[in-house]
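Below, read A as the first sequence line, B as the second, and so on, with proteins coming before strands; counting in each chain starts at 1.
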Amino acid sequence: MNTSIIDETTGRYLPIQYPEEMPFWKAAQQRRLVLQRCDDCRKVLYPIGPTCPHCGSNKFTWSEMSGRGVVHNFVVYHKPWVPYYRDRVPYALVQVQIEEGPRLTTNLHGVSVSDVRIGMEVEATWEELTPGVTLLQFKPRGGK
Amino acid sequence: MATEAAKAIRDKAAICGVSALLGDYPDRTALSLAVEAFQLALDDAGMSHKDIDGIMCLSYGADYDRFLEATGVETRYAFQGWTHGRFISPTVQQAAMTIAAGLADAIAIVHGKKHKAYGQPVDHEMWRQGLGPHGESPAYGAFGPALAPALAAQRYFHVYGGSADDLGYVCTALRESATLNPIALRKTPMSMDDYLNSRWIIQPLRLFDCCQNNDAAACIILTSAERARDLKKKPVYVSGFQGVHAGRQRHNFTLPGLGVAQQDDFSFRPAKEDLYVYEMADIERKDVDMIMTYDAFSPVVLFVLERFGFCGPGEAIDFIKSEGIGVKGRMPVNTSGGLLSEGHAAGWNLFAECARQLRGEAGERQVKDCEVVQYGSFLGESIIFRN
Ligand SMILES: [Zn+2]
């Protein structure tokens, strides 16, 4: 299995869409955030996976998330690890705790890196990387 | 809790030979460096390669079988894992258990790696979306092992106060120790200003919060305690150990409770069951004369102090400032300068320093009356070495 895919026109790394994650990626193309909710304990599993780490059940339903959350943590990349980021540093990487519980790692759009704070209220936004790949991101709630 | 079975293998194996090569070797292969390290450790032990009947390594330049083919060593116990700092102490533990069980008489743990060579398994690590141990996610620009300690440090300072600048107390202290170490790669003194002027890598981490990245080789030879007593150097007994604690609550380069990725948020204080290494070694924490830890990034020095209860949650910076972690401090940590300043041989050089301190071979950086060295890390894995 490929461990990385690079967009040849931009040099950006594209996400690998693992087969069992396809409901997530298909919903992302429609700008909807869905994750697996356990049919037994009702918690949302994350990262996406084959079983519920909270109760061990293998039964789950892909469910719509609110898309709202809070910045639980962030760091700022100053070193461009690959050429794509040479003109894009500094950029923020955030871990957003969504209302349903899990923490998702994304970038934060619509705010300068010096204004990112733990506790900021954010909501999902979507970044179309290629015609077939739309990536979940977050932005300040009510922001652009 | 340390079981009777664990206590029964206390002091049954010992380190008898060590070596570390750190630097820039443009004309050498990783295999050639590994062989030299092996020969240096044999000399250190006063052994011949025919005395070795076990080999252990984590993936590196050449695999274990290629190494054995090159050196003509025949073994009856070979093991190879994947290079990660958290697996070095379990490898030493496995060697000690293997020897205690009589499955091998003398085991060489061998490492050799070029830092700019391709085709090594670790080269792929930072691109492993959804699989890597540091939160890697390349589509978001989330690359590199420094990500995990940066996330941890950010939460640490958010929860307990302080700022990224405080990590300078760790880096300058370790550099001061490195100035006393002839084989350290970084011997130029580092002031707090030098530290603060180093560039951001992943904020809150600066360049000087990140370890050296150098060509390296190392070898650690273990044998039975009985046999070690007949060899050239004073035995360094493996007195107690405990394993890597892992799970959703134990993200890499992070203390439990800091809220990195899916971790719960709470203040971690070690309970008795988190500290059975002391019981197995039949010592108490207060008997520890110095600590060695896998300081790939400076925040983990804070975390090891809190993980084993040398100070309370959020108190590590104050502990470092008031007690001191230098060679003459109340609790010396990484007296060699560690991976931050001595150099990086996948961490194996940290065990060479354990041995040198316990043999009294550490020269100007010798810790006075050093009898108990604890190797330990934020994930809870630990070994108590004694002389
Ligand atoms: Zn469940």
Side-chain angles (χ1 to χ4, degrees), chain A residues 1-7 12-18 20-21 44-49 53-54 71-82 84-85 88-95 97 101-108 113-114 116-119 127 129-130 133-138, chain B residues 121-159 161 164 198-207 209-210 213 247-249 251 253-254 258-265 297 299:
Chain A
M1 187 176 283
N2 280 343
T3 51
S4 62
I5 311 168
I6 297 176
D7 181 339
R12 179 168 183 173
Y13 275 79
L14 298 176
I16 302 163
Q17 303 187 359
Y18 294 111
E20 291 169 339
E21 296 178 351
V44 173
L45 2 168
Y46 196 81
I48 297 168
H54 307 291
V71 173
H72 190 75
N73 198 5
F74 73 97
V75 296
V76 178
Y77 272 74
H78 290 259
K79 172 182 161 167
W81 244 263
V82 293
Y84 174 80
Y85 288 98
R88 291 175 172 85
V89 286
Y91 61 91
L93 191 81
V94 294
Q95 293 193 325
Q97 179 149 8
R103 299 196 191 112
L104 312 186
T105 300
T106 71
N107 303 120
L108 191 60
V113 292
S114 56
V116 182
R117 296 286 180 272
I118 290 174
E127 184 181 11
L129 302 188
T130 71
V133 183
T134 300
L135 195 63
L136 171 69
Q137 296 284 13
F138 282 91
Chain B
V122 288
D123 295 329
H124 304 295
E125 184 126 281
M126 68 173 96
W127 318 112
R128 296 190 305 151
Q129 174 193 318
L131 302 172
H134 314 100
E136 291 86 346
S137 192
Y140 292 103
F143 304 113
L147 171 58
L151 287 164
Q154 183 79 305
R155 285 293 305 172
Y156 184 87
F157 293 124
H158 174 76
V159 171
S198 72
R199 65 179 185 270
W200 293 116
I201 300 295
I202 305 176
Q203 201 175 346
L205 300 189
R206 295 175 165 91
L207 178 66
D209 293 307
C210 304
N213 189 4
R248 277 169 82 88
Q249 299 300 327
H251 195 274
F253 286 122
T254 307
L258 280 179
V260 173
Q262 311 309 320
Q263 283 188 319
D264 293 341
D265 293 311
F297 303 96

Taking Y77(A) for its side chain and F143(B) for its backbone only, find out whether a donor-acceptor pair lies under 3.5 Å. yes
Looking only at heavy atoms and a cut-off of under 4.5 Å, which of Q95(A), R88(A), K79(A) has the most pairs with chain B? Q95(A)
Quick one: what part of P15(A) sits under 4.5 Å from any heavy atom of chain B, side chain, backbone, both or neither? both
With a 4.5 angstrom heavy-atom cut-off, could you sort out which part of Y84(A) is near chain B: side chain, backbone, both or neither? neither
Please give me the minimum heavy-atom distance between V75(A) and P204(B), naming the atom from each residue. CG1-CD, 4.1 Å
In Å and rounded to the nearest 0.5 Å, what is the CG to NE2 distance from N73(A) to H158(B)? 8.5 Å
Using non-hydrogen atoms and a 4.5 Å limit, figure out which bit of R199(B) sits close to chain A: side chain, backbone, both or neither. neither
L136(A) portion near chain B, given a 4.5 angstrom heavy-atom threshold: both
Between R155(B) (side chain only) and H72(A) (backbone N and O only), is there a donor and an acceptor less than 3.5 Å apart? yes
What heavy-atom pair brings N107(A) and Y140(B) nearest, and what distance separates the two atoms? ND2-O, 3.0 Å
Shortest non-hydrogen contact from Q262(B) toward Y46(A): NE2-CD2, 3.4 Å
Main chain of H54(A), side chain of R248(B): is a donor-acceptor contact present, judged purely on distance under 3.5 Å? no
Between CG of L151(B) and CG of L93(A), what distance do you get to the nearest 0.5 Å? 6.5 Å
